[in-house]
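In what follows, chains are A, B, ... by sequence order, proteins preceding strands, each numbered from 1. Keep in mind the model is a prediction, meaning the values are calculated, not measured.
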Amino acid sequence: MMRHDLVGPLQYLSAEGEVLGQGKLAKELPECAADEALLVSAYRWMSLTRAFDQKAVALQRTGIIGTYPSSLGQEAISVACGMALADHDCFVPYYRDHGSFLVRGQLMEHLLLYWGGDERGSAYGPRDRSQLDMPVCVPIATQASHAVGIASAFKIQQKKQAVLCTLGDGASSKGDFLEALNLAGSWHLPVVFVINNNQWAISVPRHIQSGAPSLAQKANAAAIPNMQVDGNDFIALYEVLAEALQRARKGKGPMVVEAISYRLGDHTTADDASRYRDQEEVDNAWKNEPIKRLQKFIHQQGFWDKKAEGYMQDELQTQLAQAVQAYQQIAAEQPEAMFDHLYETWPASMDDQVVACGERYLRNRDGGVL
Amino acid sequence: MMRHDLVGPLQYLSAEGEVLGQGKLAKELPECAADEALLVSAYRWMSLTRAFDQKAVALQRTGIIGTYPSSLGQEAISVACGMALADHDCFVPYYRDHGSFLVRGQLMEHLLLYWGGDERGSAYGPRDRSQLDMPVCVPIATQASHAVGIASAFKIQQKKQAVLCTLGDGASSKGDFLEALNLAGSWHLPVVFVINNNQWAISVPRHIQSGAPSLAQKANAAAIPNMQVDGNDFIALYEVLAEALQRARKGKGPMVVEAISYRLGDHTTADDASRYRDQEEVDNAWKNEPIKRLQKFIHQQGFWDKKAEGYMQDELQTQLAQAVQAYQQIAAEQPEAMFDHLYETWPASMDDQVVACGERYLRNRDGGVL
Amino acid sequence: MKQDNELSKLNQSHNVTLVEAVNLALNRALLSDDTVVMLGEDIGKNGGVFRATDGLQKAFGFSRVMDTPLAETTIAGAAIGMAVAGLKPIAEIQFMGFIYATVEHMVCHAARMRNRTRGRLSCPMVLRAPFGGGIHAPEHHSESTEAMFAHIPGLRVVIPSSPARAYGLLLAAINNPDPVIFLEPKRLYRAQQYELIDDGKALPLDTCFTLREGHELTLISWGACIQECLVVSDALAAEVSIELIDVATVKPIDFATLASSIKKTGRCLIVHEAAKTCGIGAEIAAYVAEHLMPFCKAPVKRLTGFDTVMPYFRNEQHYMISQVDIADAVRKTLADSF
Amino acid sequence: MKQDNELSKLNQSHNVTLVEAVNLALNRALLSDDTVVMLGEDIGKNGGVFRATDGLQKAFGFSRVMDTPLAETTIAGAAIGMAVAGLKPIAEIQFMGFIYATVEHMVCHAARMRNRTRGRLSCPMVLRAPFGGGIHAPEHHSESTEAMFAHIPGLRVVIPSSPARAYGLLLAAINNPDPVIFLEPKRLYRAQQYELIDDGKALPLDTCFTLREGHELTLISWGACIQECLVVSDALAAEVSIELIDVATVKPIDFATLASSIKKTGRCLIVHEAAKTCGIGAEIAAYVAEHLMPFCKAPVKRLTGFDTVMPYFRNEQHYMISQVDIADAVRKTLADSF
Ligand SMILES: Cc1ncc(C[n+]2csc(CCOP(=O)(O)OP(=O)(O)O)c2C)c(N)n1
Ligand SMILES: Cc1ncc(C[n+]2csc(CCOP(=O)(O)OP(=O)(O)O)c2C)c(N)n1
Ligand SMILES: [Mg+2]
Ligand SMILES: [Mg+2]
């Protein structure tokens with residue numbers, strides 16, 4: 001029952017959490033809107049994601065982790081992606097999907113480990129260890145090529161599993177994504193692409209990325225079904241993504257979803273967005289932020305109250321504190337670890353470099369002397 | 001008055017050269033269909049292109065040139081591109097545009113020089129030496145990136161000039177083209193892309209290149225106007241390309257034209273198409289070939305007759321014979337020529353390689369002895 | 001596994017060219033391992049423009065031997081995804097001149113997936129491409145840029161120079177749990193025929209092959225040039241005792257074998273078709289400068305392609321390295337002895 | 001030309017960092033030549049993520065300083081088209097780790113356009129990118145793969161190591177009629193300030209810079225490592241007389257200057273951050289092995305990055321080369337004298 005005829009993004013709730021269109025709830029809203037457990041856990045995950053982002057930014061400021069890209073304002077997208085995925089599906093992220101990682105069961109200390117400059121942050125993967133979720137992908141849009149490769153592996157292996165690949169509005173300009181769409185269409189692959197259109201690619205505004213009114217329509221080039229969704233409306237996102245993944249698993253082919261959102265924070269902790277965008281634009285965007293909207297709705301539905309909110313916030317802070325502590329207790333790897341996973345079958349000719357690495361370490365250990 | 005509402009490719013003449021739609025000629029056909037001089041010269045150029053292709057294939061068979069890609073059956077496209085271009089426009093070809101090169105005023109001996117393995121084949125350029133038509137481009141689709149670069153230079157220089165870039169159906173799958181479309185749309189560039197959809201990319205059939213019903217619709221990703229045209233109908237092609245280039249020169253932005261054709265010959269002289277496609281398909285395609293169609297039309301219009309045909313064929317053969325002779329009289333470059341145009345400002349450190357090159361030549365000149 | 005496959009010529013002996021040996025190895029890999037798949041342009045019905053994949057799609061179907069749209073970036077990137085997902089993809093790039101669009105994926109992902117995830121994920125893929133000049137081909141069809149990939153940590157670069165090594169090294173590359181760039185010297189594709197037993201036996205990677213033993217000069221090469229080196233080694237046998245070594249795996253390089261030979265001969269000539277600057281020859285000569293100078297009885301010599309764009313085929317021979325050039329370089333090296 | 005441009009600081013002297021020197025050179029080029037244009041990601045309002053282009057779009061407008069969509073292939077390919085069409089484009093790649101998507105265009109077209117057309121067309125473009133490690137950056141933000149481009153005939157690769165050379169060499173690169181890959185050592189972007197006169201004077205390309213004269217050991221490097229080399233040369237002055245050479249143009253290499261120094265000192269240590277195999281250091285060491293062995297009083301030594309993926313920043317320092325490492329290598333080279 002997805003609305004492909006739609007003009008503009010699919011949206012069920014107003015910024016204030018009111019049901020749009022006023023008709024009888026059952027009529028207006030999709031099933032998932034009545035699923036208390038689902039919405040409450042979505043709300044928890046989104047709240048945890050925001051708390052984690054806040055904490056991570058603070059940790060960067062104090063030098064405890066490195067450059068960090070907050071997902072502030074985009075929690076509904078990453079959490080909806082995580083929740084729509086089945087354990088046995090494959091998640092192919094970019095680098096602003098902290099919420100998805102959390103829902104997929106990755107530990108916060110491991111996310112911090114990655115952003116703290118330690119490869120082991122990508123060593124643990126999702127809850128379902130059998131599943132091969134991909135690690136953070138830094139080279140923009142390259143993950144899209146991997147996603148179609150994994151999807152075609154699933155097809156060849158006759159597994160009823162789907163791939164969900166995320167990317168940004170800027171990434172939608174890069175050939176890797178556009179070629180991947182073409183292959184997904186030509187080979188009819190079980191892959192869903194989710195474009196987090198947060199309006200900015202660092203300092204480059206959406207209108208410079210493309211002359212097209214929507215980014216979803218890039219899929220028209222490959223005749224792939226596509227639609228825009230309000231990226232601040234969890235209910236709309238979950239409905240669309242769950243159905244898109246179901247289609248894919250059933251062999252009905254790929255789909256592209258453009259989630260319209262806004263990057264409420266700087267691009268990363270290394271960025272100063274005030275150089276290139278007006279505070280007014282940001283202030284307006286805050287009115288649409290996704291967490292408040294879902295909170296008001298579950299309040300109205302009687303799924304949530306002040307007390308629950310209080311408990312939850314305390315609980316999140318405890319979890320966070322424990323995660324930070326766990327992260328800080330993880331000692332750095334040995335210097336020679338840089339060789340441990342380079343090749344599975346070790347080339348003897350590189351032994352002397354491992355030795356040289358050890359010597360270099362000892363030589364410099366205590367600052368060293370000239 | 002271009003028909004963007006069109007379903008299926010724009011076509012005016014039947015395979016038999018009859019006007020489709022039977023109404024009064026003036027009503028049905030575009031102006032250019034009444035332009036005797038235009039149609040006759042188009043017919044001459046298309047005939048010359050076919051004769052040149054036949055000759056080139058023969059020369060390859062006897063080892064006088066190297067691997068050669070015939071444009072058999074696609075003469076209307078390359079000639080329409082050449083004729084729609086103004087002298088001061090820029091032509092950015094791929095490698096199957098012999099007709100365009102001829103119309104642009106390149107000499108046949110120079111085309112043979114290129115396919116004969118001599119860089120000087122690209123040293124002369126079009127009739128209007130002031131114009132910078134690009135040379136043959138072998139790496140598929142890369143020319144599309146250059147085309148948008150040249151188009152944006154024209155825009156920056158405030159020149160009222162347009163760029164016409166050709167590519168194949170296979171090339172339409174490569175990121176370079178898809179990214180270039182996106183830039184053309186975002187920067188509103190004066191560039192027209194012409195996809196010669198000849199149904200095959202060597203042995204890969206059109207349906208594997210893309211799951212989309214048309215290749216023109218790739219432009220929808222960038223919200224660029226686009227249409228399909230019958231690639232065997234010179235009148236339709238000329239009307240569409242002339243108008244598209246005019247739009248571009250006037251600053252009205254880019255356009256994509258998919259010319260539906262068929263590769264009647266092998267991919268190149270190095271290919272054997274019988275390995276992967278049925279002769280029956282080829283035989284059917286012959287029924288739609290563009291030269292016979294235009295010939296019948298200009299006959300009916302009284303623009304052409306048997307006598308003219310006889311004269312022309314003799315004339316073409318003489319021209320060809322002269323060109324082949326001229327080509328064969330061009331001696332090879334000196335061995336050291338491989339360094340002459342590497343850098344404009346010569347690095348002294350490379351002198352010894354020039355010397356070594358000379359020595360290598362002398363050492364091997366007469367077969368050499370061990 | 002289709003054991004009844006007509007293509008199966010298991011354990012039989014064949015008189016094959018290098019390209020036929022590649023075809024045999026691919027067939028063997030597809031037969032013996034269901035996770036092996038192939039993707040590339042024109043590899044299906046057409047069997048590849050050089051027929052390296054002839055008959056394979058017919059035998060194993062499109063789901064094992066996949067024709068792709070014309071998009072090298074995706075050929076490499078999708079292969080990485082397939083490899084991560086448990087397949088062993090063999091991706092074909094039609095000519096090395098068209099391999100450059102794969103560089104971002106090979107450098108940023110294929111070479112790093114295992115290291116990035118500390119072994120949780122890996123990338124057991126092979127990227128095949130015909131390379132080198134001398135076949136009278138058009139522009140961009142004669143590249144030898146193996147050194148670009150050899151510079152990249154995490155990659156292996158393997159180059160056969162005979163049907164037997166093509167067969168054995170390709171099987172080794174396919175079985176290797178990490179990414180391998182496998183470059184096939186197209187000039188040798190049909191140069192000679194050799195007896196070969198399709199026994200599925202892989203040859204070792206990361207190892208040089210000593211093709212001739214000698215004690216006066218170590219002649220080091222790989223790929224197509226090996227053929228000229230063999231002729232010269234034999235032709236000059238009366239004059240000079242040459243030890244000919246085929247590097248085969250040009251990254252990582254088996255320096256142990258090279259070093260022991262150079263210690264013995266005291267002279268070293270490196271021959272490669274690729275441009276000189278920062279080629280594999282530079283790395284080998286640098287190794288000698290660092291570790292073997294005391295053993296050197298003559299300057300190290302590199303006989304290589306020039307640092308210029310390979311001329312179109314009309315003048316291509318002025319760029320290529322001939323037997324005469326190699327013989328001359330051998331004699332010069334001897335003459336220049338300290 | 002906007003002579004009234006507020007940014008114009010012509011002929012004034014400035015105390016600038018390396019990144020400010022880059023900005024001055026870009027501003028000077030845009031001011032003095034209308035055909036100079038810039039394109040790249042975030043180079044406009046944001047002034048580049050390192051502020052190298054700060055203020056330039058404001059001063060010269062979008063048509064001279066263009067923010068592009070996120071597409072490196074097109075940034076390089078469009079720059080080639082602009083260059084052919086009579087402009088002098090300066091394309092910025094945000095980090096060298098993202099330069100790989102430009103390889104096909106730089107290798108197949110930028111490097112060949114003049115040669116391919118026998119001079120009818122040419123490609124006067126500059127591809128700028130910050131490179132190198134040591135700034136505690138995320139994955140892919142610390143690459144040093146200059147050797148990949150140095151291997152390609154037709155390209156120039158230029159690397160400054162001080163504000164003055166950044167200014168003078170960038171102007172030279174922009175004026176050069178052929179393509180130049182200009183790599184900026186980001187670790188030095190804000191390391192020190194130097195007096196610089198914005199006189200529009202270019203420095204020579206294809207030339208090494210001798211930063212210290214000495215007679216016992218030739219220390220060869222480029223980019224960020226030059227700073228450690230300077231410290232070591234001075235600190236060890238009492239112990240050993242070091243001749244320090246900044247290669248600057250790593251392709252083509254000015255071997256004449258290197259050779260005359262090595263002939264004098266008889267010892268040579270090459271320092272670079274990039275991976276060892278087939279790095280620029282290999283080419284220089286190979287040159288010594290071919291031409292200078294008789295002059296060598298000690299083995300050539302390379303002190304380089306390892307042939308492994310640069311560790312994420314937590315362990316990055318174990319990969320980086322320190323003053324201590326350089327001093328140690330200098331002493332080892334002396335100790336290993338024949
Ligand atoms: C290939 C590549 N080019 C450039 C960069 C540098 N870079 C990192 S993030 C970014 C902007 C990405 O914007 P978008 O795709 O919209 O994602 P967002 O960060 O807004 O979520 C850029 C240019 C990169 N990481 N990879
Ligand atoms: C980047 C690249 N990849 C592969 C090739 C080899 N190749 C040459 S032509 C061709 C098919 C092109 O088909 P299409 O774009 O439809 O043009 P056509 O030849 O049919 O006119 C291929 C794969 C190439 N030249 N460049
Ligand atoms: Mg964005
Ligand atoms: Mg075609």
Side-chain angles (χ1 to χ4, degrees), chain B residues 90 92 118-125 129 132-139 141-159 161 163 165 174-176 178-180 182-183 185-187 189 191 333 337-350 352, chain D residues 34-35 37 39 62-64 66 68-87 89 101 104-105 107-109 111-122 124-125 153-156 175-178 205-207 249 251-258 287:
Chain B
C90 179
V92 182
D118 187 320
E119 286 81 354
R120 290 170 298 175
S122 303
Y124 301 96
R129 295 269 172 276
L132 41 79
D133 286 11
M134 292 288 273
V136 167
C137 183
V138 171
T142 53
Q143 72 277 13
S145 320
H146 311 151
V148 290
I150 295 167
S152 77
F154 285 170
K155 196 174 176 184
I156 291 165
Q157 296 158 340
Q158 295 173 351
K159 295 179 177 168
Q161 301 168 206
V163 176
C165 176
K174 196 160 177 279
D176 305 56
L178 302 167
E179 285 188 3
N182 187 57
L183 191 76
S186 173
W187 287 4
L189 298 175
V191 58
E333 291 182 302
M338 70 175 81
F339 297 101
D340 291 350
H341 301 279
L342 189 63
Y343 297 106
E344 176 72 12
T345 53
W346 182 251
S349 60
M350 281 188 64
D352 56 358
Chain D
D34 279 344
T35 66
V37 297
L39 65 159
F62 190 97
S63 70
R64 301 282 307 279
M66 299 166 263
T68 63
L70 207 166
E72 282 76 13
T73 300
T74 297
I75 290 173
I80 290 167
M82 293 176 181
V84 167
L87 298 178
E104 179 164 40
H105 277 284
V107 171
C108 296
H109 296 298
R112 302 184 193 201
M113 198 57 71
R114 178 185 299 280
N115 181 70
R116 171 183 294 145
T117 61
R118 288 304 189 241
R120 180 172 70 87
L121 304 176
S122 64
M125 69 176 280
L155 293 181
R156 268 189 177 78
N175 298 338
N176 189 277
D178 292 306
L205 299 179
D206 309 346
T207 313
T249 298
K251 171 72 179 281
I253 297 174
D254 167 17
F255 283 114
T257 302
L258 297 179
Y287 182 91

Show your reasoning for whether side chain to side chain contact (heavy atoms under 4.5 Å, CB included) applies to D/Met82 and B/Ile150. CA-CA 5 Å; D/Met82 293 176 181; B/Ile150 295 167; over 6 Å; no
To the nearest 0.5 Å, how far apart are [atom1] in [X] and [atom2] in [Y]?
X	Y	atom1	atom2	answer
D/Ile253	B/Met350	CD1	CE	12.0 Å
B/Glu179	D/Thr68	CD	OG1	9.5 Å
B/Asp133	D/Leu121	CG	CG	9.0 Å
B/Leu342	D/Leu155	CG	CG	9.0 Å

Checking B/Glu119 now: which residues fulfil salt bridge (charged side-chain N to carboxylate O under 4.0 Å, His left out) with it, not counting sequence neighbours?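 Per chain and number, B/Glu119 pairs via salt bridge (charged side-chain N to carboxylate O under 4.0 Å, His left out) with D/Arg118.
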Return the set of residues passing salt bridge (charged side-chain N to carboxylate O under 4.0 Å, His left out) with D/Asp254 (not counting sequence neighbours), or none when no residue passes.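 Listed in chain order: nothing, the list is empty.
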Please determine, among [options], the option with the most heavy-atom pairs under 4.5 Å with chain D.
options	answer
B/Gly175, B/Ser349, B/Ala153, B/Ala123	B/Ala123
B/Lys155, B/Arg120, B/Met134	B/Met134
B/Glu344, B/His341, B/Glu333	B/His341

Winner by heavy-atom pair count (cut-off under 4.5 Å) against chain B, out of [options]:
options	result
D/Ile80, D/Leu205, D/Thr249, D/Thr117	D/Thr117
D/Asp206, D/Thr207, D/Val84, D/Thr73	D/Thr73
D/Val37, D/Leu87, D/Asn115	D/Asn115
D/Ala256, D/Gly86, D/Pro177, D/Pro124	D/Pro177

Return the minimal non-hydrogen interatomic distance between [X] and [Y], and the atom names on each side.
X	Y	value
B/Tyr343	D/Arg114	C-CD, 4.3 Å
B/Asn182	D/Pro69	ND2-CB, 3.7 Å
D/Arg116	B/Pro135	CD-CG, 3.7 Å
D/Arg156	B/Pro347	NH2-CG, 4.1 Å
D/Asn176	B/Thr345	ND2-OG1, 3.3 Å
D/His109	B/Cys137	CE1-SG, 3.7 Å

Test item: side-chain donor near acceptor, B/Thr142 and D/His105, under 3.5 Å: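 D/His105 and B/Thr142 do not have a side-chain donor-acceptor pair below 3.5 Å.
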Within the distance-only criterion (no hydrogens, no angle test), does the side chain of D/Glu104 pair as donor or acceptor with the backbone N or O of B/Pro139 below 3.5 angstrom?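 It does not hold such a pair.
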Where on [X] is there a heavy atom nearer than 4.5 Å to chain B: the side chain, the backbone, both, or neither?
X	value
D/Ser122	neither
D/Ile75	neither
D/Ala71	both

Below 4.5 Å from any heavy atom of chain D, which atoms of [X] appear? Answer side chain, backbone, both or neither.
X	value
B/Tyr124	backbone
B/Gln157	side chain
B/Ile156	side chain
B/Cys90	neither

